[in-house]
Amino acid sequence: MGGLVQKVKLFGEYIPWFQAMRDKGAIAFDELGLPTPKTEAWKYTKLRDLNTDDLVIEPSNFLAEMRVAAEEACGCHHEDGGCGCHHHHGEGCCCGHHHEEGECHCHEEGHVCECQQKLHVPFEAYVIHFEKGKMIPPFPDFPRGVEVMNLMEAVLTEDAKEYLGKVVDIKLHPFAALNNAYMEEGIYLCVHKNVKVDKPIVLINHTKSGEENIFFNIRNLIVLEQGAEAEFVEWYNYTGAVKSRYFANVVNEIVLGKNAKLSHYKLQDEAFKANHIALSVVKQKSDSNYHNCCLQRGANIGRNEVKVLLNDENASAEVNAAYIMSGWATLDTTTDILHLSPRTYSSQLVKGVVGGEAKGVFQGKIHIAPDAVQTEGNQLHRALLLTDTAEIDVKPELEIFADDVKCSHGAASGELDENQLFYMQSRGIGREEAKQILIDAYLNEALDKVKNPEIRAWLSDYAHAPQE
Amino acid sequence: MTTPLLEIEDLHARVADKEIIKGFNLTINEGEVHAIMGPNGAGKSTLSNVICGKPGYEITSGSIRFKGKDLTKMSAEDRAREGIFLCMQYPVEIPGVAVTTFLKHSINAVRKYHNLPELDTMEFVKMVREEGKKLGIDNEMIKRPVNVGFSGGEKKRLETLQMNILKPSFAILDEADSGLDVDALKVVAEGMNALRDGKRSMLIITHYQRLLEYVVPDFVHVYADGHIVKSGDKTLAAEIEKDGYAEYTRER
């Protein structure tokens with residue numbers, strides 16, 4: 001049996017409050033169904049290429065581990081190999097190469113998996129590894145006041161109970177409903193009151209060639225208590241020569257307490273045939289700040305949706321994004337910023353470069369509630385079209401129900417400027433090089449918003465159209 | 001007799017359907033400074049764009065040879081790499097690209113063409129600082145995006161800096177004096193004079209005589225209706241300043 005709705009045994013079915021959320025998710029998805037071209041929120045991103053029929057959800061790692069623990073028959077678990085890959089002997093190696101049985105060198109001392117060599121995080125960070133949607137232990141050691149566990153552990157301890165499923169409204173988001181139904185993998189991150197995390201926390205999801213038709217769901221719950229500060233980075237990476245087709249469905253629920261500050265960065269670098277749909281919903285208390293920047297460069301259909309609820313006074317959010325693609329991809333950036341209290345602030349800068357026959361989509365909404373006076377919301381989307389067949393669809397929406405607010409939005413798209421190109425050529429810079437310089441400069445305007453210079457440099461290195 | 005640096009023979013060129021250059025002839029030898037003066041709308045900028053290979057201009061007949069090579073077959077970047085520099089009337093703004101990044105790409109592209117190794121960062125920074133200092137360009141200015149928010153004077157200084165770094169064998173100065181106050185004009189003129197070493201050549205395209213008081217040309221040509229109507233030495237510039245262009249434009 002395949003498809004988006006399938007019967008799988010997941011961990012924690014006996015926990016009533018938790019299983020109830022899964023059941024509600026399944027029901028909500030059944031009612032909502034997949035978005036169609038008539039669904040306003042999915043007007044421009046056509047899902048006909050999603051091809052879900054043969055997608056398969058892999059068996060639960062948690063249930064497998066319980067079985068293994070029960071049998072005490074683990075021969076394939078390594079403690080200190082540095083590999084982190086989680087495969088059984090005889091299966092395809094995680095480095096993307098297929099080895100004959102016994103030829104896999106991953107577990108030999110000193111051997112570092114190819115996939116991990118490539119995935120060096122070029123800045124000091126706490127790194128959590130996922131592989132095709134499943135967490136790979138161990139966790140790094142976190143300092144005092146930073147609590148990180150896998151989601152199921154946080155469900156068992158009931159740490160996740162207060163907020164899990166309460167930030168996102170599954171009735172509005174069919175893929176979040178689906179995510180609810182399969183909720184199991186993901187992390188729970190809680191930064192305690194006034195604790196400032198010293199290094200970014202990075203979640204890397206590795207997917208490799210040969211991993212075909214997998215459908216996985218990741219659900220993260222991030223809670224910053226009053227005065228807490230953290231940087232959270234998501235990195236969706238694909239390694240391998242063969243173009244895998246898989247579907248990643250990610251939901252982040254984020255809660256920011258009073259005066260908390262979260263910087264949230266993301267690199268979506270999935271395989272070209274893969275699909276990646278992600279939703280982050282952020283609830284903010286007074287004086288908190290949410291700072292977001294996402295770079296999308298991979299996937300067949302890639303959607304990054306950010307919804308921010310500025311619930312209390314003086315909460316502020318900055319949601320920036322960049323995307324670059326060619327081929328036939330559709331990359332969608334959707335934002336929904338809700339100003340629900342007076343003196344709340346938001347700004348958005350989204351920049352895209354579209355080549356080939358690809359399509360860029362930007363839907364940006366700023367909602368200002370009736371009593372949210374003296375609020376400021378700004379939004380700007382600009383896109384560069386490199387070919388005649390590239391397409392851009394933009395839908396800015398302002399819903400303003402209050403007086404005394406400052407709001408702006410702008411959208412522009414264009415081609416590379418001939419005068420700029422000629423100016424550079426007249427200085428000896430080759431036309432193609434000149435184009436590349438202009439494209440880099442174009443995206444860097446959005447990436448420059450990243451506050452951490454090391455993360456900015458890392459994202460900037462990926463701000464080129466990947467080679468197909 | 002050695003090959004002339006630039007040889008333009010019976011050049012005709014058009015933009016869209018409009019013929020702008022009509023039978024233009026000019027020969028510039030090594031070390032010579034020529035000035036072309038003409039009324040507005042005579043096609044002065046078209047001439048510099050055609051020599052530098054800007055897209056959108058079509059040469060319908062005639063030839064342009066540079067160091068004996070047929071220029072019309074070369075891309076704009078190769079013409080620059082061969083040693084032609086166009087100091088623009090309206091330098092283009094490039095948001096997001098810092099002056100240093102731009103200069104580095106430029107100098108290394110030219111060096112690569114001549115099979116020279118790329119400059120390392122230290123050498124490059126030192127050179128830009130030294131050349132910049134002479135033109136009153138500080139470190140803050142070279143970190144800014146190319147020409148974005150620059151005053152008219154700053155833009156021309158940056159053009160001059162690029163010229164001094166690339167050390168072209170032939171520089172075209174298209175209305176290099178427009179939008180400059182006297183102080184800035186002197187700085188630019190000094191930069192240009194510094195390049196006059198008896199080997200480099202220049203073509204100064206201007207409407208007014210003003211710049212020619214600081215950078216004194218060897219030859220002056222009056223350009224009207226797409227070709228040269230009169231040639232002379234520097235005294236011709238003074239004549240035009242006194243009598244205007246009426247005499248030349250009334251011709252036909």
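Chain A is the first sequence line, chain B the second, and so forth, proteins listed ahead of strands; every chain is numbered from 1.
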If I measure from the heavy atoms of chain A, does [X] come under 4.5 Å with its side chain, its backbone, both, or neither?
X      : result
B:P145 : neither
B:E82  : neither
B:P168 : neither
B:F102 : both

Does any heavy atom of chain B fall under 4.5 Å from the side chain of [X], the backbone, both, or neither of them?
X      : value
A:E445 : neither
A:L443 : neither
A:N444 : neither

Side chain to side chain contact (heavy atoms under 4.5 Å, CB included), paired with B:T160, selected from B:I137, B:I165, B:L135:
B:L135
Geometric cation-pi criterion B:K44 and B:Y223, 6.0 Å radius, 45° cone:
no
Taking the six-membered ring of A:F422 as reference, does the NZ or CZ atom of A:R431 fall below 6.0 Å from its centre and within a 45° cone about the axis?
no
Picking from B:D78, B:N49, B:L166, B:I94, which has the most non-hydrogen pairs under 4.5 angstrom with chain A?
B:I94
I want to know whether A:Y44 and A:F362 have ring centres closer than 6.0 Å.
no
Proximity of A:Y423 and B:Y90 rings by center, below 6.0 Å
no
Quickly, which of A:K395, A:K359, A:R303 forms a salt bridge (charged side-chain N to carboxylate O under 4.0 Å, His left out) with A:D332? Name it, please.
A:R303
